[in-house]
A.B. asks: 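Can you keep this structure in mind? I'll have questions shortly.
Basis for what follows: all heavy atoms, side chains included, without hydrogens, waters or symmetry-related copies. Numbers here are sequence positions counted from 1.
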Amino acid sequence: MQHFERTIQQLQCAWRRGKGTTAIQTVSKPCLTLLEKQDPAHPLVRAAADPLSVIRQSPKRHCGFTRKKYPNYMMMRFELAQDPESGKVWASPTVDHLRHGGREFGYYTLLDASVLEKVQKKHGGVFRGRAQYPAGMTTFVREQMMDSIVQHAQQGLHPPLFIPLDAHASSESYQCLLTMHPEAFIPTALRGLPCYPLHQHAWEPLKDHLLDERHYRNDVVLGVPKAISSVDFAIRLWRFQRLLGGNG
């Protein structure tokens, strides 16, 4: 859990360095997208196109395990679902962070495998004794999150979610990088970006999609272009890496 405390501090520092006290105001997405075309450097556009800003600005929720509040995009939300046959009530995860918004009630824990494993052993406090917590929940959450990422990657969005890395581009051009091979070369100027290792086992479904359906080579490095339209996907990648225990 200490790495989560560090992550929040890093988010706050990144926000101060890059945006000052700018906040993402209540502006509709179509208006922001239009503004992005007219003035890509506008503070509202820069904030709306920055996954870390969006994560930090998400409403805070109370973690039932740590008893602390965190931005809800850093958390896993659970609902309660009743088995119609047995009548038992079970905890059911909401893996899509977009369903965490508003004032909708739910039970929240940090999105961290070690926390979920501890909840497995002691879940009564989190769910106030109202639900049972299935065995293997951490694995189930991981699989569901990866399914969500692959489904999102299959959408024919414009601009595209992935482009081969331009070695001469600046770090401002990308949200994050995706590496297919453990020895992939990343230019020095881009090494500060979040980088997700698709060659590792947990990431293989996304890698298989990119190799089989997008026909990318196994040694390519892909970048997720910096844009408002790619923020949601970048957050999904970030959340998956958080679950795995990485720094994202």
Side-chain angles (χ1 to χ4, degrees), residues 1-5 7-8 11 51 54-55 58-83 86 88-102 104-155 176 178 194 196-209 231-248:
M1 289 182 289
Q2 291 181 350
H3 69 268
F4 251 93
E5 301 289 348
T7 297
I8 291 175
L11 288 173
V54 177
I55 290 169
S58 63
K60 289 190 175 182
R61 295 288 184 262
H62 182 266
C63 173
F65 186 80
T66 66
R67 307 301 183 188
K68 296 181 181 180
K69 286 188 175 183
Y70 302 92
N72 73 36
Y73 283 3
M74 297 179 69
M75 306 182 80
M76 174 54 62
R77 178 182 179 277
F78 291 89
E79 298 175 339
L80 303 186
Q82 187 173 34
D83 185 328
S86 67
K88 292 182 178 180
V89 177
W90 297 88
S92 176
T94 306
V95 299
D96 190 341
H97 63 279
L98 295 181
R99 293 180 57 196
H100 290 193
E104 187 176 4
F105 180 77
Y107 300 86
Y108 290 83
T109 66
L110 281 173
L111 182 59
D112 180 280
S114 65
V115 172
L116 293 181
E117 291 298 327
K118 291 175 182 177
V119 172
Q120 181 84 60
K121 299 176 181 178
K122 190 177 180 181
H123 58 268
V126 175
F127 302 104
R128 304 171 192 174
R130 298 172 181 170
Q132 300 192 48
Y133 193 81
M137 176 66 80
T138 305
T139 300
F140 177 75
V141 167
R142 184 174 66 246
E143 292 173 348
Q144 291 294 303
M145 291 183 73
M146 178 48 65
D147 286 347
S148 174
I149 289 172
V150 173
Q151 289 173 13
H152 202 77
Q154 291 172 338
Q155 299 176 16
C176 56
L178 308 173
Y196 303 114
L198 304 197
H199 50 84
Q200 293 184 2
H201 177 70
W203 291 93
E204 282 184 356
L206 179 57
K207 179 181 178 180
D208 290 343
H209 164 72
V231 166
D232 176 42
F233 185 67
I235 291 176
R236 291 174 192 272
L237 297 173
W238 188 91
R239 282 170 53 81
F240 188 72
Q241 185 72 357
R242 294 310 311 169
L243 177 65
L244 298 179
N247 292 323

A.B. asks: For the residue pair Leu116 and Met137, establish whether any side-chain heavy-atom pair is separated by less than 4.5 Å.
C.D. replies: no
A.B. asks: Testing Trp90, Phe65, Phe78, Phe127 one by one against Tyr107 for a ring pair (Phe, Tyr, Trp, His ring centres under 6.0 Å), which residue passes?
C.D. replies: Phe127
A.B. asks: Go through it in stages, so that I can follow the logic: the residues are Phe240 and Trp203, the test is ring-ring contact (aromatic ring centres under 6.0 Å, His included), and I'd like the CA-CA distance, side-chain angles, deciding distance and then a yes or no.
C.D. replies: CA-CA 9 Å; Phe240 188 72; Trp203 291 93; 4.8 Å; yes
A.B. asks: Gln120 side chain to Pro134 main-chain N or O, any donor-acceptor pair under 3.5 Å?
C.D. replies: yes
A.B. asks: Taking side chain to side chain contact (heavy atoms under 4.5 Å, CB included) as the test, write out the residues that go with Asp232, two or more places apart.
C.D. replies: His97, Leu98, His152, Arg236
A.B. asks: In Å and rounded to the nearest 0.5 Å, what is the NZ to CG distance from Lys68 to Leu110?
C.D. replies: 9.0 Å
A.B. asks: Does a side-chain heavy-atom distance below 4.5 Å link Asp208 with Val150?
C.D. replies: no
A.B. asks: Rounded to the nearest 0.5 Å, how far does CG of Asn72 lie from NZ of Lys60?
C.D. replies: 11.5 Å
A.B. asks: How long is the span from the CE atom in Met75 to the CZ atom in Arg239, to the nearest 0.5 Å?
C.D. replies: 10.0 Å
A.B. asks: Between Leu111 and Met74, is any pair of side-chain heavy atoms under 4.5 Å apart?
C.D. replies: no
A.B. asks: For Arg61, which of Tyr70, Tyr73, Tyr108 qualifies under side chain to side chain contact (heavy atoms under 4.5 Å, CB included)?
C.D. replies: Tyr108
A.B. asks: Is Leu237 close to Cys176 at the side-chain level, that is, under 4.5 Å between some pair of heavy atoms?
C.D. replies: yes
A.B. asks: Taking the side chain as C-beta and beyond, is there a heavy-atom pair between Met146 and Glu204 under 4.5 Å?
C.D. replies: no
A.B. asks: For a quick test of reading the model, state the closest non-hydrogen atom pair linking Pro51 to Val231 and the distance between them.
C.D. replies: CA-CG1, 4.3 Å
A.B. asks: What residues, two or more places apart in sequence or in another chain, satisfy side chain to side chain contact (heavy atoms under 4.5 Å, CB included) together with His62?
C.D. replies: Arg67, Lys69
A.B. asks: To the nearest 0.5 angstrom, please state how far the SG atom of Cys63 sits from the CE atom of Met76.
C.D. replies: 12.0 Å
A.B. asks: Nearest 0.5 Å please: distance from the CG atom of Leu243 over to the CZ atom of Arg142.
C.D. replies: 7.0 Å
A.B. asks: Distance check, rounded to the nearest 0.5 Å: Gln241 atom CD versus Met145 atom CE?
C.D. replies: 10.5 Å
